[in-house]
Participant: 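One structure follows; several queries about it will come next.
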Amino acid sequence: MRKIVIALSVLMALTSCVSKKEYAALEAKNKEIQDLLNSCTVKLNTCLEEKAGLAATAESYKQHNQDLISTSKDLTVLTTKGAENLEKSLESLKEKDLKISRLQDALTKKDSVTLALVTSLKGSVGINDPDIEINVEKGVVFISIADKLLFKSGSYDVSDKAKSVLAKVAKVVNDKPDFECMVEGHTDDVPYKSNGVILDNWDLSVKRSTSIVRVLTNDLGVNPAKLIAAGRSSYVPLAANDSAENKARNRRTRIVVMPKIDQFYDMIEKEMKKQAK
């Protein structure tokens, strides 16, 4: 009890030491400090939130930067591969262009040889005879001779007049060891009356072809290995078989003069090897 009395006496003594005015000032100052503390606390919290946001943004930028670096590396790899593929494609195109160029050169040479052959044939055989036609189709020389110069109607015996024409052809063929000839017999569409030896137009066209081959080989010295005998019957006409004139055109023997296929490829191969050096 005595202690309580002493405490109250001290409190009263302290209270009496501070005036009301000073107490009010202290309270105001305390409030000001409290307000300032509150304001600082709010700003601190705001700063902490902004810091957290900036840290998240920085982390995002960091990750984005990593992604960009990875993408850049991938793009570098892709670009390198793309450049390599493009280079390979360009090389492939160059090779194809070179092959095409070489083939064109070889074909040009072949055409030059063919043109020289046509000129030689026309000079030897003669180009003013309407019953002898010489032309070039797709690099192959065709000599078409009307049957009236070679055979009698329905016959496969070669006439003496025909031998003089064939002698000119044989000379040109013999001068071209790298060429071979196919002798084609052609008829009109009038059915052949069988005589027991020849059954139809097929037989007649083949017999006429082999007859000319025999003249070329036996009488005119053409190497048999260079000759091919073929019969086409009436199935490759020059004109419709609707008139006597057209039928006469279709009855013909065609001699096809052409480079040997294997030699033609050899010609191309040699040209390609030459270009590759």
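What you are looking at is a predicted structure, and each value in this text was computed from that prediction instead of being measured.
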Participant: Are the side chains of Val222 and Leu227 in contact, using a 4.5 Å heavy-atom criterion?
Facilitator: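 With C-beta onward as the side chain, the pair touches.
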Participant: Checking side-chain contact (heavy atoms from CB on, under 4.5 Å) for the pair Leu166/Ile255: CA distance, chi angles, key distance, verdict?
Facilitator: CA-CA 10 Å; Leu166 293 175; Ile255 300 175; 4.1 Å; yes
Participant: Who else is in the cluster with Val197 when I, L, V, M, F, W and Y are joined by side-chain contacts under 4.5 Å?
Facilitator: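 Val197 clusters with Tyr156, Tyr192, Ile198, Leu204.
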Participant: Residues two or more places apart in sequence or in another chain: which of them pass side-chain hydrogen bond (donor to acceptor under 3.5 Å, both in side chains) with Asp203?
Facilitator: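 By the side-chain hydrogen bond (donor to acceptor under 3.5 Å, both in side chains) rule, Asp203 matches no residue at all.
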Participant: Is Thr217 reaching over with its side chain to a backbone N or O of Val213, donor-acceptor style, under 3.5 angstrom?
Facilitator: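 Indeed, once roles are kept as given, a pair shorter than 3.5 Å links the two residues.
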Participant: Is there a donor-acceptor pair under 3.5 Å between the side chain of Lys226 and the backbone N or O of Val173?
Facilitator: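 Yes, Lys226 side chain to Val173 backbone: donor-acceptor pair under 3.5 Å.
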Participant: Shortest non-hydrogen contact from Asn174 to Gly221?
Facilitator: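 The pair with the smallest heavy-atom distance is OD1-O, 3.6 Å.
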Participant: Using the side-chain hydrogen bond (donor to acceptor under 3.5 Å, both in side chains) definition, which of the options Asn241, Asp188, Thr187, Asp189 pairs with Lys247?
Facilitator: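 That would be Asp189; it is the only one of Asn241, Asp188, Thr187, Asp189 passing the side-chain hydrogen bond (donor to acceptor under 3.5 Å, both in side chains) with Lys247.
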Participant: Carefully, step by step, assess Arg208 and Asp147 under the rule salt bridge (charged side-chain N to carboxylate O under 4.0 Å, His left out).
Facilitator: CA-CA 9 Å; Arg208 285 181 169 179; Asp147 269 10; 2.3 Å; yes
Participant: Go through the structure and list residues passing side-chain hydrogen bond (donor to acceptor under 3.5 Å, both in side chains) with Asp219, not counting sequence neighbours.
Facilitator: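 For Asp219 there are no side-chain hydrogen bond (donor to acceptor under 3.5 Å, both in side chains) partners, ignoring immediate neighbours.
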Participant: Which pairs with one or both residues in residues 228-237 pass side chain to side chain donor-acceptor pair (under 3.5 Å), sequence neighbours excluded?
Facilitator: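 Sorted pair list: Glu184-Arg232.
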Participant: Within the structure provided, determine whether Val256 and Ile228 are in side-chain contact (heavy-atom separation under 4.5 Å).
Facilitator: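 They are not in contact (no side-chain heavy atoms under 4.5 Å apart), so the answer is no.
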Participant: What heavy-atom pair brings Ala170 and Leu220 nearest, and what distance separates the two atoms?
Facilitator: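 Minimum heavy-atom contact is CB-CB, 3.7 Å.
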Participant: Closest heavy-atom contact between Ser159 and Leu149?
Facilitator: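 Reported closest heavy-atom pair: OG-O, 3.1 Å.
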Participant: Measuring only between side-chain heavy atoms, which start at C-beta, is Arg254 closer than 4.5 Å to His186?
Facilitator: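 Yes, at least one pair of side-chain atoms sits under 4.5 Å.
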Participant: Can you measure from CG (Leu199) to NZ (Lys193) and round to the nearest 0.5 angstrom?
Facilitator: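 The CG atom of Leu199 sits 15.5 Å away from the NZ atom of Lys193.
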Participant: Answer yes or no: is there a donor N or O on one side and an acceptor on the other, between the side chain of Ser144 and the main chain of Arg252, under 3.5 Å?
Facilitator: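 Pair absent, no side-chain N/O of Ser144 close to backbone of Arg252.
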Participant: Do Lys163 and Val158 come close enough that some side-chain heavy atom pair is under 4.5 Å?
Facilitator: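 Result yes, sub-4.5 Å side-chain heavy-atom pair found.
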Participant: Which atom names give the shortest non-hydrogen contact between Ile212 and Thr253, and what distance separates them?
Facilitator: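 The pair with the smallest heavy-atom distance is CD1-CG2, 3.3 Å.
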Participant: Output the rest of the hydrophobic cluster of Val206: all Ile, Leu, Val, Met, Phe, Trp and Tyr residues reachable through side-chain heavy-atom contacts under 4.5 Å, sorted by chain and number.
Facilitator: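 Once heavy-atom contacts under 4.5 Å are chained together, Val206 still belongs with nothing else.
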Participant: Quick one: list whatever passes side-chain hydrogen bond (donor to acceptor under 3.5 Å, both in side chains) with Asp160, sequence neighbours left out.
Facilitator: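 If we apply the side-chain hydrogen bond (donor to acceptor under 3.5 Å, both in side chains) test to Asp160, skipping adjacent residues, there are no hits.
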Participant: Is Ser209 reaching over with its side chain to a backbone N or O of Gly231, donor-acceptor style, under 3.5 angstrom?
Facilitator: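 Pair absent, no side-chain N/O of Ser209 close to backbone of Gly231.
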Participant: Under a 3.5 Å distance rule, please check whether Ser205 uses its side chain to pair with a backbone N or O of Asn201 as donor and acceptor.
Facilitator: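 Yes, Ser205 side chain to Asn201 backbone: donor-acceptor pair under 3.5 Å.
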Participant: Is a side-chain donor or acceptor of Asn246 paired with a backbone partner of Asp242 at a separation under 3.5 angstrom?
Facilitator: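 Checked: no pair found.
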